[in-house]
Amino acid sequence: MGALADYFEFDEHDTDLATEVLAGVTTFLTMSYIVVVNPAIMTMFPGENGKPGIALQNYSPMEVQQMLAVVTILASAVAIFVMAFYANRPFGQAPGLGLNAFFAFTVVGTLGIPWRTALAAVVTEGVIFIVLTAIGAREYIIRLFPEPVKFAVGTGIGLFLAIIGLEEMYVVVDDPATLVTLGNIAQDPVALLSVAGLFLTLALYARGIPGSIVLGILLTSAAGWVAASMGYVSPHPGSPLAPSIPDPQYDITPLFGAFLDGFRNVDAFAFSLVVFTFFFVDFFDTAGTLTGVGQVAGFLDENGNLPDIDKPLMADAIGTTVGGILGTSTVTTYVESATGVEEGGRTGMTALVVGLLFLAALAVVPLAAAIPLYASHIALVVVAIIMLGNVTDIQWDDVTYAIPAGMTILIMPLTFSIAYGIAAGIVSYPIVKTATGEWRDVRLGQWLLALAFVFYFFVRTSGFLQGQV
């Protein structure tokens with residue numbers, strides 16, 4: 001115990017082992033869904049041409065999903081252990097949701113690029129990240145973030161977490177007229193259990209009960225299992241009240257090293273554009289998450305910067321490289337880390353617990369499926385409410401702060417992307433500064449960063465990328 005306290009500097013961060021373990025368990029429960037969701041996305045049949053994501057001859061889709069579950073666990077664990085022992089930060093990492101969807105739906109599905117080539121792009125991106133992080137370039141770029149954007153990221157991520165959680169709880173559903181609307185809570189057992197579990201968790205949190213978020217998740221899961229045993233059925237395909245754990249497939253040799261074949265007969269220009277897109281989105285997703293969660297933990301300095309950010313960035317870069325080698329999409333820092341931070345996690349011990357729990361899930365792949373998504377996502381809504389308090393750090397009486405901050409907060413949840421929200425704030429900052437005559441306050445690097453985002457969005461939305469493949 002003393003050795004752990006000394007290594008992770010418990011006294012310096014005003015924490016203890018019990019608090020760190022509880023925080024690690026909380027973070028794991030809220031992000032463990034990726035063990036199930038990542039394989040499902042990576043093997044879907046996206047696009048009109050019907051091309052799947054990762055598919056293997058002589059293996060059924062279920063067997064491939066089990067391989068990917070193992071790969072997801074291993075890639076996450078590697079990145080998290082680097083985060084724990086090298087960076088000493090309480091952040092969890094795993095294959096990113098938006099990036100795995102881009103991998104399967106856009107790169108493989110729409111563009112028709114072989115999945116092995118897509119993995120080669122992920123590995124290439126990871127190696128570039130390692131080099132840029134080692135020389136301090138990534139930290140320099142992040143420090144170019146305008147101050148209002150830095151302080152708005154936490155609130156934007158909170159809203160982003162809320163919409164993810166409420167959708168998975170079927171409290172918020174899609175609507176052809178208004179895009180989103182209230183779900184049919186009274187007649188939907190999943191939504192009804194979610195709402196009951198959410199208010200129970202909020203009540204426990206308000207009472208100051210330790211581990212309130214974990215307790216709320218477990219009680220909601222138990223209620224779902226009881227409801228399923230009584231004959232209640234979920235109306236949502238793929239979202240049962242009490243999911244079962246399928247038989248595991250541990251042999252990942254068909255995926256391990258598959259990226260090497262992806263470098264053969266590749267179109268250099270199209271490959272470069274794919275690497276650029278992975279790089280851009282992952283870079284700013286990770287930067288935004290580290291800044292936002294770091295704000296919740298009280299890690300940011302007076303200028304809104306995360307000290308020694310190069311260390312958690314290196315964990316992200318190594319995780320991405322290892323993930324691509326093993327056979328999965330880009331690994332990134334998870335916004336769900338905010339749940340563990342809210343429980344008091346402040347050191348790498350929290351991350352170590354998360355990593356060990358991921359490895360424990362190998363015993364019965366995927367162990368995390370025992371927690372229904374609608375139950376685990378209650379934590380996201382609770383933390384989202386807490387993170388909204390970060391909005392008070394923004395100087396709303398200064399229009400050059402209010403506009404970039406407001407754009408960051410609004411665009412992030414509405415486009416379902418942390419990176420897009422940050423981009424909106426970065427692009428608007430030099431514009432409003434110039435409009436108010438304060439153009440001298442804008443650094444050259446901030447102009448270049450804004451122009452880079454404008455170029456990225458032109459490539460991303462104009463159809464130019466599709467035309468090159």
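Quick caveat: nothing in here was measured; it's all calculated off a predicted structure. Note: hydrogens, waters and symmetry copies are ignored here, and every other heavy atom, side chains too, is used.
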*Asks:* Counting only heavy atoms not in N265 (residues, nucleotides, ligands), do more than 12 fall under 6.0 Å from its CG?
*Replies:* no
*Asks:* Has the side chain of Y429 got a donor or acceptor atom that lies under 3.5 Å from a matching backbone atom of E147?
*Replies:* no
*Asks:* Looking only at heavy atoms, what is the nearest atom pair of A87 and P312, with distance?
*Replies:* CB-N, 3.6 Å
*Asks:* Under a 3.5 Å cutoff, is there a donor and acceptor pairing between the side chains of T330 and D282?
*Replies:* no
*Asks:* Taking it one step at a time, do V383 and I213 satisfy side chain to side chain contact (heavy atoms under 4.5 Å, CB included)?
*Replies:* CA-CA 9 Å; V383 171; I213 295 177; 4.2 Å; yes
*Asks:* What closest approach, in Å, do T408 and G425 show between heavy atoms, and which atom pair accounts for it?
*Replies:* OG1-CA, 3.3 Å
*Asks:* Would F278 and T320 satisfy side chain to side chain contact (heavy atoms under 4.5 Å, CB included), going step by step from the backbone distance to the final call?
*Replies:* CA-CA 10 Å; F278 275 130; T320 292; over 6 Å; no
*Asks:* From L198 CG over to L166 CG, what is the distance, rounded to the nearest 0.5 angstrom?
*Replies:* 7.5 Å
*Asks:* As an exercise, state the distance from CG of L306 to NZ of K311, rounded to the nearest 0.5 Å.
*Replies:* 11.5 Å
*Asks:* If you measure from NE2 on H13 to OG1 on T19, what distance do you get to the nearest 0.5 Å?
*Replies:* 13.5 Å
*Asks:* Any donor-acceptor pair under 3.5 Å linking the side-chain atoms of E9 with those of T347?
*Replies:* no
*Asks:* Would T72 and M42 count as a side chain to side chain contact (heavy atoms under 4.5 Å, CB included) here? Give the steps.
*Replies:* CA-CA 11 Å; T72 299; M42 298 282 282; over 6 Å; no
*Asks:* For the OG1 atom of T26 and the CD atom of E343, what is their distance to the nearest 0.5 Å?
*Replies:* 4.0 Å
*Asks:* Between T333 and T289, does a side chain to side chain donor-acceptor pair (under 3.5 Å) hold up when you go through it step by step?
*Replies:* CA-CA 7 Å; T333 304; T289 300; over 6 Å; no
*Asks:* How close do S221 and A375 get, counting heavy atoms only, and between which atoms?
*Replies:* OG-CB, 3.4 Å
*Asks:* Which atom pair, heavy atoms only, marks the closest approach of G324 to V123?
*Replies:* C-CG2, 3.4 Å
*Asks:* Enter the distance from I422:CD1 to F283:CZ here, rounded to the nearest 0.5 Å.
*Replies:* 9.5 Å
*Asks:* Check for a donor-acceptor pair, side chain of Q446 on one end and backbone N or O of I426 on the other, with a separation under 3.5 Å.
*Replies:* no
*Asks:* Donor-acceptor pair, distance only, cut-off 3.5 Å: does the side chain of S376 make one with the backbone of L373?
*Replies:* yes
*Asks:* Nearest 0.5 Å, what's the CG-CG distance between L290 and L300?
*Replies:* 10.0 Å
*Asks:* Check for a donor-acceptor pair, side chain of T133 on one end and backbone N or O of I130 on the other, with a separation under 3.5 Å.
*Replies:* no
*Asks:* Could you please spell out the steps behind the side chain to side chain contact (heavy atoms under 4.5 Å, CB included) verdict for V153 and F145?
*Replies:* CA-CA 11 Å; V153 165; F145 281 22; 5.6 Å; no
*Asks:* Checking side-chain contact (heavy atoms from CB on, under 4.5 Å) against M349, which of V354, L4, N88 comes through?
*Replies:* L4
*Asks:* Angle class for the F91/F299 ring planes (parallel below 30°, perpendicular above 60°, tilted otherwise)?
*Replies:* perpendicular
*Asks:* Should we count CZ of F263 as having more than 12 external heavy atoms under 6.0 Å?
*Replies:* yes
*Asks:* If only side-chain N and O atoms count, and only distance matters, is there a donor-acceptor pair under 3.5 Å linking T332 with T286?
*Replies:* yes
*Asks:* So which heavy atom on M412 is nearest to which on G156, and how close?
*Replies:* SD-C, 3.4 Å
*Asks:* So among T201, T30, T339, which one has a side-chain contact (heavy atoms from CB on, under 4.5 Å) with I217?
*Replies:* T30
